[in-house]
Amino acid sequence: MPRISRIAAWPLLVKVPVLAAGLMITGAAAISQVVFWRFAQDQDSNLQVLTGAYLDGLSAALLPGLIHRDIWELFETLDRSRSRYAGIEPRYAIVALPDDRVLVASDPRRFRLDSTVPGDLLKRFGAEDGLRVDKGTARAWLARTVRYEGFPVGRLFAEIDIAELLQARRQILIALIAVNGCLTLAFALGGYFALKHMLRPLGVLICYVERVRNGRVEPIPEGYHGRIAYEFDQLFDRFNAMARAVSERQTLASQLAEREKHAMLGRLASGMAHEVNNPLGGMLNAIDTIQAHGNDPAVLQTSLDFLKRGLAGIRNVARAALVTYKGGSDTSLLTPGDLDDLPFLIQHETGIRRLHLDWRNHISEPLEVDGPAIRQITLNILLNACAASPVGGLVAVTASCSNETLQITVADEGPGLPENMAALLNPAVSTTGGSQENKGLGLWMTGHLIHRLGGHAEVEYPGVGTRIVVTLPIASKEMLNAAE
Amino acid sequence: MTSSRGKSRRRSGISRRKILCGFTALVAVPALGKNRQESYSFGLSPVFLDNDMTTLSLLQAYLEQQLRRPVELVKRRTQEDIWVMLKSGQLDAAWMCDLSYVQHQDRLALLTVPLYRRRPLYEAYVIVNRASKAKTFDDIRGTVHAFCDPDTTSGYLITCWMLVLQNTTPGRFFRDFFFTYSHRNTIRAVAAGLAESGSVDGYIWDLMKEREPDLVDQTRIVYRSEPLGFPPIVALDTSRNLSNTQKLAASLLAMTSDRLGREILSILAFDGFTMVKPDLYGSTAEKWRIVRTQM
């Protein structure tokens, strides 16, 4: 199964030509086998006919000599027959008497007169006549009993060299393999390049789909139109329609996010105005007190302390707003203080709803992460938690880090973050954008920030409220720059 | 060989058509009875180098030219065949082996004899295969022997005479023997190893050594006989005085004075023809007598 699944995963560009080549090889092998088999059959049949004609002619020519036991006439007949039979190349021929004694042979030195026919030759035939072939030694042997008026007067044996015949077979086989091999290779290569050309639009489509996965939605250039197959043309049109729709939705979502940001800014601004305005009354009273009783050092000191605390509070709020919306800190670093002034920004939200903020920042040294982005992520989730929490509820924030990750956990006691909203925090897996009701844009923006920084968010429901755990990698400077 | 033959044809001025016609006559006619009104039949014994069709054609052309009538060269397998045809009148004359002449001397007229190496003589050889260890005649005991024809001197009589002198017979002396009915075939049989020894005409062996050295070099001589009378041209004694018979003898004797005749003589390695007395074959006749009485 794993092997099959691997083959199934092969690119079409490879699989189809391999399949075509495989079919070609199978077909060629089958055809070659049939042709070769047929050729061998014909050769065997021809050999039977040729040897039959050889034996018929030779035995007829030998008969008078055999009847008269005329050695010279028999030898002369054998000698003359050597080159008289086309296609037959006898290595030797023996004329034997019925008792298997050699009467004469074409090679008298090897088969002496009156000697016995070699045992292996007799063993090949026994009492039978016919043709025996040994392809291993490229030899064939013939035997024919010569009869006169029905009585055997002698027996003819011959050994034939069939090397040329087998050589012809080998040549045919080699030619078949070479021709079919070349044709198969040519067709396979042709198929490969033709399919590669035909499937090229698929590669283009995959490239653009991959870009969508990375957040870059671009239409396929119109230049391909008319130059590719109808099916791919249709597919490109559909893709471009989808790309345009996604692009428009992203633009819309960005615009809505911007509005949300402004709305949040207005809300924060009004909260900040409230936070600034609150101490202003007391501070004016302190100034009045100083003007009236400034001579009293104790009163003066008390009033000045009051003024100082009030101004310090205003300064904290203003600085937090400035850092958040105007920058000002190093974007490649997150200092513990970058998170610690966030409570000042949401002071108004917590105050109105009388929320208890459990703030635990365990970060003790600067981290090499995008500080402003982390502040924005934490602020957005924190504002969401404050908005979701009931009056007098508890909002707990924990920031901690290990060697490689930064973890920020925000828990509230709200009704629980709906799943479709929670999905916005992971845009890599989410197919939805911001809701049509302009809700969740903050979370959508947060999700994209987390994705850009290479992190992920987990939304947990511990029974009461929601706990969002954001895990972000602490990257080296190079990685950080690459991510941006 | 081929080039010398071609050269011979050019020198003779004999056309190819003429040669072919002669060859056709040689092949087609002999089986039938001769037509005395039209042609002169001349028998050739197998001792002659009968595989050289060009020489035969040249001889036929020469005889036709000299006799001024068609000539048929008749070949048969055995000496006996030739003798039977001659005595039955199917042949006008014949070139016979000296033993055949001796056997039927009382009925034959000795017309003329070739001069080989300036003498009307030749030798009989006993040969073995070049690889054989035999060095003398006695060493061929127990071999398979190839005779030429039982009616030839060199191809049978001399060897039998040698055996009779040793008080034995071919059947006892040799492991086996057979007849090839041609001196050339005897040489081939020994060269191929079919026979381990053979009895052969020395003239034929010497001539073939020049013409087919690859074949003859496969053999080696272990015995040479004394000089013997060369196979003669004969006719029936009854036709000795016929004009055609006289013309035949005269034409052969005159070969040296004719361009075509000289060419034939050159091919056959003869110096010419001569007339001899029957005494030339006395030695052969004596050996024949001994063999006939002892075997």
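So you know, we letter chains A, B, ... as the sequences are listed, proteins then strands, and number each from 1.
Closest heavy-atom contact between B:Cys160 and B:Pro170: SG-CG, 3.9 Å. Listed here is the closest heavy atom pair of A:Gly52 and A:Arg144: O-NH2, 3.9 Å. A:Leu121 and A:Phe125 get closest at one heavy-atom pair: O-CD1, 3.3 Å.
The pair A:Arg169-A:Asp44 meets the salt-bridge criterion, with a side-chain N (NZ, NE, NH1 or NH2) lying under 4.0 Å from an Asp/Glu carboxylate O.
For A:Arg110, no part lies under 4.5 angstrom from a heavy atom of chain B.
Applying side-chain contact (heavy atoms from CB on, under 4.5 Å) to B:Ile267 and the options B:Leu58, B:Thr54, B:Leu207 leaves one that passes, B:Leu58.
Using a 4.5 Å heavy-atom cut-off against chain B, the contacting residues of residues 59-79 of chain A are A:Asp70, A:Ile71, A:Trp72, A:Glu73, A:Phe75, A:Glu76, A:Asp79.
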Margin query: salt bridge (charged side-chain N to carboxylate O under 4.0 Å, His left out) for B:Asp149 and B:Arg77? Distances and angles first, verdict last.
Written below: CA-CA 9 Å; B:Asp149 186 307; B:Arg77 191 177 184 223; over 6 Å; no
